Amino acid sequence: MAQVQLGRIAIGLDKGASSFINFIVSDSLPDISSRGMPRWREKQRNLPVGQKVELLGRIILETRRLEAVKKQWKPSATSSNPS
Amino acid sequence: MEAVCDVLESLLTEGVISRYAIGGATAAGFHGEPLATRDIDVFVFLEPPSGSLLVTLEPLFSRLAALGFREFDEEGLLVHGFPVQFLSASPGLEEDAVAGAKVLEWEDHRIRVMTPEYLAAIALRVGRPKDRARLVYLASLPSFDRQRFAEVAVRHGLWERWLEWSRALGI
């Protein structure tokens, strides 16, 4: 409880201390990096080239797969959507 | 995707194309986190056939057909299952962008990718709504060199448009 109170005081004094506050009150690293970006995005920005090539390839194939789903979609017989 | 990179490099080595660079959303994804995109835009330098002033993609597609890539998916030729749009780099900005491409290497592979500054300049020139979003994304990258971008924009007559967009987009 002392840690939570310390965190609340720090917020009032300095907004820039928010990531530090997260570290104090939580055992795990914050989900948002100090630049306000989700950590998974920041991690992907810094992937080695080979892994980035692989990820780009998977994204292209998945985007095409989702497009195919959209093109082939038809309302089901039980759909109650009036439009 | 790695196999596509290898095909592009082999076309270069064989002299079918004299230069190439990946552009568009795929290239932007190399510099930041990968973006959703359905194909790979590849800008190429082609030499006109002897006796002609016209550039044609025919020798490129002939070679790709000989390698077994004959099927198209909308505008893209399927290369190892990936739609690749081959575009002849137009004189000026696109040719400069291809010439200034960054070479990325890993293991035994290599790929050439337009730099964020040239991608941003091309987005500025094309000017669609999605290009505005792409420009905001590129300008936010830690690797984005504003000085180099400014030089490119001035050189290609895009500085006034950049001032207008940067004010409107808050970048």
Side-chain angles (χ1 to χ4, degrees), chain A residues 10-76 79 81 83, chain B residues 1-9 22-42 71-85 101-114 116 130 136-144:
Chain A
I11 289 170
L13 287 173
D14 179 8
K15 288 181 185 175
S18 59
S19 59
F20 175 65
I21 292 162
N22 285 341
F23 185 75
I24 287 176
V25 301
S26 167
D27 288 335
S28 60
L29 288 171
D31 291 331
I32 305 296
S33 72
S34 60
R35 280 196 293 273
M37 181 186 304
R39 284 201 177 273
W40 67 265
R41 285 182 66 189
E42 195 163 335
K43 192 175 172 183
Q44 284 190 2
R45 284 192 174 191
N46 298 321
L47 282 176
V49 175
Q51 290 182 29
K52 195 169 275 191
V53 167
E54 182 189 340
L55 179 56
L56 278 163
R58 286 176 62 186
I59 286 173
I60 290 169
L61 295 177
E62 192 63 21
T63 302
R64 284 163 50 78
R65 187 187 71 78
L66 290 170
E67 274 189 354
V69 167
K70 281 169 65 176
K71 282 180 189 172
Q72 291 160 15
W73 185 84
K74 288 177 186 168
S76 64
S79 171
N81 186 342
S83 61
Chain B
M1 177 78 179
E2 199 170 78
V4 176
C5 299
D6 292 345
V7 168
L8 295 175
E9 282 293 304
I22 292 182
T26 305
F30 271 100
H31 300 296
E33 74 268 21
L35 307 172
T37 184
R38 71 174 313 279
D39 58 18
I40 305 166
D41 293 333
V42 179
E71 188 183 345
F72 281 82
D73 179 354
E74 297 184 17
E75 301 97 356
L77 177 69
L78 289 176
V79 178
H80 291 295
F82 291 89
V84 179
Q85 270 207 63
K102 187 173 180 180
V103 180
L104 302 174
E105 294 177 320
W106 73 104
E107 296 167 8
D108 294 329
H109 310 281
R110 186 180 296 141
I111 195 66
R112 294 157 209 269
V113 179
M114 286 185 182
K130 74 175 184 179
V136 171
Y137 167 78
L138 290 163
S140 74
L141 295 175
S143 58
F144 188 76

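Letters A, B, ... are given to chains in the order of the sequence lines, protein chains preceding strands, and every chain is numbered from 1. This one's a predicted model, so the numbers in the text were calculated from it and none came from an experiment.
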Considering non-hydrogen atoms only, spot the tightest contact between [X] and [Y] and give its length.
X        : Y       : answer
B/Ser140 : A/Arg45 : OG-NH2, 3.9 Å
B/Pro34  : A/Lys52 : CG-CG, 4.2 Å
A/Ile59  : B/Leu35 : CG2-O, 3.5 Å

So which part of [X] gets closer than 4.5 Å to some heavy atom of chain A, the side chain, the backbone, both or neither?
X        : answer
B/Phe82  : side chain
B/His31  : backbone
B/Leu141 : both

- Message: In the structure I gave you, are the side-chain heavy atoms of A/Arg64 and B/Asp73 within less than 4.5 Å of one another anywhere?
- Response: yes
- Query: Would you say the side chain of B/Asp39 lies within less than 4.5 Å of the side chain of A/Ile60, judging by non-hydrogen atoms?
  - Reply: no
- Task: Evaluate whether atom CD of A/Glu67 has more than 12 neighbouring non-hydrogen atoms of other residues, nucleotides or ligands under 6.0 angstrom away.
- Result: yes
- Message: Below 4.5 Å, heavy-atom pairs only: which of B/Pro83, B/Ala25, B/Cys5, B/Gly81 has the largest tally toward chain A?
- Response: B/Pro83
- How many angstroms lie between CG in A/Leu55 and CZ in B/Phe30, if you round to the nearest 0.5 Å? 10.5 Å
- Note on the structure: CD of B/Glu33 to NZ of A/Lys43, rounded to nearest 0.5 Å, is 14.0 Å
